[in-house]
Amino acid sequence: MNIQQHIITATVNAVKELYNQDLPETQVNLQDTRSEFEGEITIVVFPVVRFSKKSPEATANDLGEYLKEHIEEVTAFNVVKGFLNLSIVSSYWIDLFQTDLLKEEFGTIPSNGKKVMVEYSSPNTNKPLHLGHVRNNLLGYSVSELLKANGSEVFKVNLVNDRGIHICKSMLAWLKWGNGETPESSGLKGDHLVGKYYVIFDKEYKKEIEALKETGQTEDEAKKNAPLIKEAQAMLLAWEAGDEEVISLWKKMNGWVYDGFAVSYKNLGVDFDQYYYESNTYLLGKDTVEEGLAKGVFFKKPDGSVWIDLTEDGLDQKLVLRADGTSVYITQDLGTAQMKYDDFKMDESIYVVGNEQDYHFKVLFLILDKLGKSWAKGLYHLSYGMVDLPSGKMKSREGTVVDADDLIAEMIATAKQKTEALGKVDHFSEEEKESLYYKIGMGALKYFLLKVEPKKRLLFDPAESIDFQGNTGPFIQYTHARIKSLLSKANYKNGQHVASDIALSATELEMIILLSRYPAEIASAAKAFSPATLANYIYEVAKMFNKFYHEIPPIVKEEDEAIKQHRLNLSWVTSNIIKSGMRILGIEVPERM
RNA sequence: GCAUCCAUAGCUCAGCUGGAUAGAGCAACGGUUUUCUAAACCGUAGGUCAUAGGUUCGAAUCCUAUUGGGUGUACCA
């Protein structure tokens with residue numbers, strides 16, 4: 001039993017004995033004592049006052065006396081207003097530290113038997129990835145790792161949007177203006193090459209619209225009548241009919257895109273256990289529509305279109321199948337959800353998708369629930385905010401997107417320049433330097449994006465480079481490298497215990513308490529699907545270490561062996577938590593930098 | 001119009017199921033290196049937590065309204 005639980009139980013007993021009242025355990029409110037007060041654990045006594053019928057101060061004093069009397073580890077207490085601060089004997093903290101935290105596997109949580117699917121990335125194959133996709137990928141990957149760390153079995157899946165009118169646009173533009181250009185002939189990365197033709201299509205299409213408007217057509221008419229869009233639509237029909245030429249062009253161009261994505265994914269450090277392709281799933285869902293009609297969840301309008309009425313749930317009527325019997329977006333999502341469940345039988349399924357689709361997922365989940373799917377309650381939309389530029393939203397057609405590959409290259413270049421300026425790595429091999437620049441650059445980028453609460457929108461200013469100082473990835477990486485250097489200088493041997501009666505400084509005590517929170521931080525971050533809370537915790541840990549490192553004399557020169565070993569143990573545990581926590585964020589920590 | 005999310009220091013962000021004097025980083029100013037890596041540390045300054053009510057012993061946090069901003073509201077995906 002840990003000390004916190006011990007205190008809670010004893011407090012309940014105290015209220016029984018002193019006031020003859022039954023205090024519910026949930027009313028015992030514990031928190032870490034603020035550093036400006038004496039003690040480590042604080043009881044907020046206001047909730048107890050109702051039971052004691054005394055003033056907060058008097059109640060706190062009563063409880064303090066009782067706890068000091070009945071709990072061996074409680075050595076002293078003080079009362080500040082309604083707060084009872086308890087001092088715990090330092091040997092308790094040292095024992096806790098040595099038996100739990102000093103283990104390599106500290107922070108890993110045993111299996112909870114849950115199977116979870118995380119769907120993320122889900123790109124379109126008509127253009128390269130941009131900063132918005134980067135946020136999605138990093139978030140999806142990190143949440144997956146977080147859930148694994150919390151004891152779940154995780155399947156990462158990528159549902160690739162590889163078909164549709166937008167893909168045909170790129171194909172058509174390439175046929176018309178491409179002159180047979182390939183990634184090899186142009187030296188362009190495949191996804192960028194295809195994206196180039198998507199932009200060309202849009203430009204030419206706009207020209208046609210303008211021309212038609214000159215002839216007196218309205219904007220809407222012109223958009224529908226432009227020859228290019230008609231050709232693209234014809235191509236889509238040909239694709240659906242299995243036209244050999246179209247299919248083979250489609251395969252060729254998608255192949256270029258996949259080669260390009262593979263490079264970006266590798267650089268981002270993300271991976272997937274399973275790919276789904278919409279070209280295989282876009283016809284799914286019609287069975288589900290039949291099922292819904294049979295169950296009376298859906299209804300058919302006279303024109304043959306199928307709808308669900310969600311007005312009682314505060315939403316609208318929603319179309320689930322067109323009058324001509326073809327699917328809409330939600331049709332295939334219904335079918336795909338069923339297929340994913342049939343494939344994996346997972347308990348929970350997380351969709352990492354931007355908040356512009358909040359409404360869509362609300363409807364999707366509600367429909368599946370109304371269809372009586374037992375697994376519908378395990379569905380969760382991890383909705384994240386858009387990445388904005390100072391100028392506003394990124395728009396691919398207006399060229400205001402921050403390209404993922406460019407950004408990665410810039411981050412690495414910046415890392416190189418900053419590292420060289422510090423002049424610490426001159427003796428590194430070229431290979432080690434390259435690897436270091438990559439780790440630091442990506443560490444800066446990943447931490448920058450992940451430290452912000454997912455649902456909040458995020459501002460990125462391309463004119464200002466991402467920081468490498470303060471609350472940043474490189475700061476945390478640096479702290480880790482510094483600890484590793486210290487440990488190697490001291491010939492550190494892991495896991496050696498010292499007598500639990502050594503003296504601890506205030507900072508050392510604070511460190512132990514902070515470090516001991518790691519498993520709880522993982523659990524709460526996993527519960528909230530939020531790598532951000534973990535990121536901020538790791539930062540606190542790194543900051544605390546640097547404070548400790550500065551205020552004590554050099555450890556390697558420490559003559560008291562027990563104190564030396566204990567300080568090295570503290571350093572090692574810090575590095576272990578940083579490494580493990582950063583790994584969950586998808587960030588590598590160098591051994592030296 | 002309706003739905004939904006957001007609003008905290010000059011800037012970017014923390015702030016747990018309501019608890020002590022609202023915290024970090026950047027930028028600004030000052031200091032720290034004969035001592036284990038100064039991508040570090042210490043200090044100064046910076047706030048009507050959008051506004052107004054309400055609930056409570058106690059509200060940045062919960063409720064209501066208002067203002068400002070984002071997103072959605074297609075037989076697009």
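Proteins get letters first, then strands, A, B, ... in listed order; numbering begins at 1 in each. Values below: all heavy atoms of this structure, side chains included; hydrogens, waters and symmetry mates excluded. Fair warning: this is a prediction, and the values are worked out from it, not measured in the lab.
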With sugar-phosphate meaning primed atoms plus P, OP1 and OP2, does [X] contact a base, only sugar-phosphate, or nothing at under 4.0 Å between heavy atoms?
{"X": "A:Gln31", "value": "base"}
{"X": "A:Asp313", "value": "nothing"}
{"X": "A:Pro56", "value": "nothing"}
{"X": "A:Thr42", "value": "base"}
{"X": "A:Ile552", "value": "base"}
{"X": "A:Leu458", "value": "sugar-phosphate"}
{"X": "A:Asp316", "value": "sugar-phosphate"}
{"X": "A:Thr472", "value": "nothing"}
{"X": "A:Val328", "value": "sugar-phosphate"}
{"X": "A:Ala481", "value": "base"}
{"X": "A:Ser305", "value": "base"}
{"X": "A:Asn29", "value": "base"}
{"X": "A:Phe46", "value": "base"}

When you measure from the side chain of [X] to the backbone N and O of [Y], does any donor-acceptor pair fall under 3.5 Å?
{"X": "A:Asp388", "Y": "A:Leu459", "answer": "no"}
{"X": "A:Thr33", "Y": "A:Glu40", "answer": "yes"}
{"X": "A:Asp560", "Y": "A:Ala562", "answer": "yes"}
{"X": "A:His133", "Y": "A:Ser121", "answer": "no"}

Legend entry - Ion pair check, A:Lys224 and A:Asp220, cut-off under 4.0 Å: no
Legend entry - Pair A:Lys433 + A:Glu420: basic N to acidic O under 4.0 Å: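 No, this pair does not count.
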At less than 4.0 Å, is any side-chain N or O atom of [X] found next to OP1 or OP2 of [N]? Yes or no.
{"X": "A:Ser485", "N": "B:U37", "value": "yes"}
{"X": "A:Lys543", "N": "B:G25", "value": "no"}
{"X": "A:Arg457", "N": "B:C13", "value": "no"}
{"X": "A:Lys456", "N": "B:C13", "value": "no"}
{"X": "A:Lys81", "N": "B:G58", "value": "no"}
{"X": "A:Lys489", "N": "B:U37", "value": "yes"}
{"X": "A:Arg322", "N": "B:A74", "value": "no"}

Just wondering, do [X] and [N] stack (centres under 5.5 Å, planes under 30°)?
{"X": "A:Phe83", "N": "B:A20", "answer": "yes"}
{"X": "A:Tyr539", "N": "B:A24", "answer": "no"}
{"X": "A:Phe475", "N": "B:A40", "answer": "no"}

Gap between atoms [atom1] and [atom2], on [X] and [N] respectively (whole Å):
{"X": "A:Glu551", "N": "B:C41", "atom1": "CD", "atom2": "P", "result": "12 Å"}
{"X": "A:Phe428", "N": "B:U37", "atom1": "CZ", "atom2": "P", "result": "12 Å"}
{"X": "A:Leu568", "N": "B:C36", "atom1": "CG", "atom2": "P", "result": "15 Å"}
{"X": "A:Asn546", "N": "B:A40", "atom1": "CG", "atom2": "P", "result": "8 Å"}
{"X": "A:Arg34", "N": "B:A20", "atom1": "CZ", "atom2": "P", "result": "5 Å"}
{"X": "A:Leu459", "N": "B:G70", "atom1": "CG", "atom2": "P", "result": "14 Å"}
{"X": "A:Asp358", "N": "B:U4", "atom1": "CG", "atom2": "P", "result": "11 Å"}
{"X": "A:Phe37", "N": "B:U21", "atom1": "CZ", "atom2": "P", "result": "8 Å"}

Legend entry - Min side-chain heavy-atom separation A:Tyr539-A:Thr472 under 4.5 Å: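 In short, these two side chains do not touch, never coming nearer than 4.5 Å.
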Inset, instruction - Evaluate the side-chain proximity of A:Asn78 to A:Phe83: yes if any heavy-atom separation is below 4.5 Å, no if none is. - result: no
Could you measure between the two [atom1] atoms, the one in [N] and the one in [M], and give it in whole Å?
{"N": "B:C13", "M": "B:C6", "atom1": "C1'", "answer": "14 Å"}
{"N": "B:U8", "M": "B:U61", "atom1": "C1'", "answer": "12 Å"}
{"N": "B:U35", "M": "B:C41", "atom1": "C1'", "answer": "14 Å"}
{"N": "B:U51", "M": "B:A14", "atom1": "C1'", "answer": "24 Å"}
{"N": "B:G10", "M": "B:A20", "atom1": "C1'", "answer": "29 Å"}
{"N": "B:C63", "M": "B:G23", "atom1": "C1'", "answer": "27 Å"}
{"N": "B:A9", "M": "B:G54", "atom1": "C1'", "answer": "28 Å"}
{"N": "B:G1", "M": "B:A59", "atom1": "P", "answer": "34 Å"}

Among [options], the one nearest [X] by side-chain distance:
{"X": "A:Gln469", "options": "B:A40, B:C42, B:A14", "answer": "B:A40"}
{"X": "A:Glu453", "options": "B:G15, B:C41, B:G25", "answer": "B:G15"}
{"X": "A:Lys557", "options": "B:C75, B:U35, B:A20", "answer": "B:U35"}
{"X": "A:Asn536", "options": "B:C36, B:A14, B:U37", "answer": "B:A14"}
{"X": "A:Thr533", "options": "B:G25, B:C36, B:G15", "answer": "B:G15"}

If [N] has a Watson-Crick or G-U wobble mate with both distances under 3.5 Å, name it; if not, just say none.
{"N": "B:G10", "result": "B:C26"}
{"N": "B:U64", "result": "B:A52"}
{"N": "B:C36", "result": "none"}
{"N": "B:U17", "result": "none"}
{"N": "B:C41", "result": "B:G31"}
{"N": "B:A59", "result": "none"}
{"N": "B:G47", "result": "none"}
{"N": "B:G1", "result": "B:U73"}

Legend entry - Residue mapping more 5' on RNA chain B - nearest nucleotide basis, A:Lys455 or A:Met593: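 Of the two residues, A:Lys455 wins.
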Legend entry - From CA spacing to verdict: side chain to side chain contact (heavy atoms under 4.5 Å, CB included), A:Tyr549, A:Ser571: CA-CA 9 Å; A:Tyr549 185 81; A:Ser571 306; over 6 Å; no
Legend entry - Closest heavy-atom pair and its distance - A:Thr479, A:Phe545: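 It is CG2-CD2, 3.8 Å.
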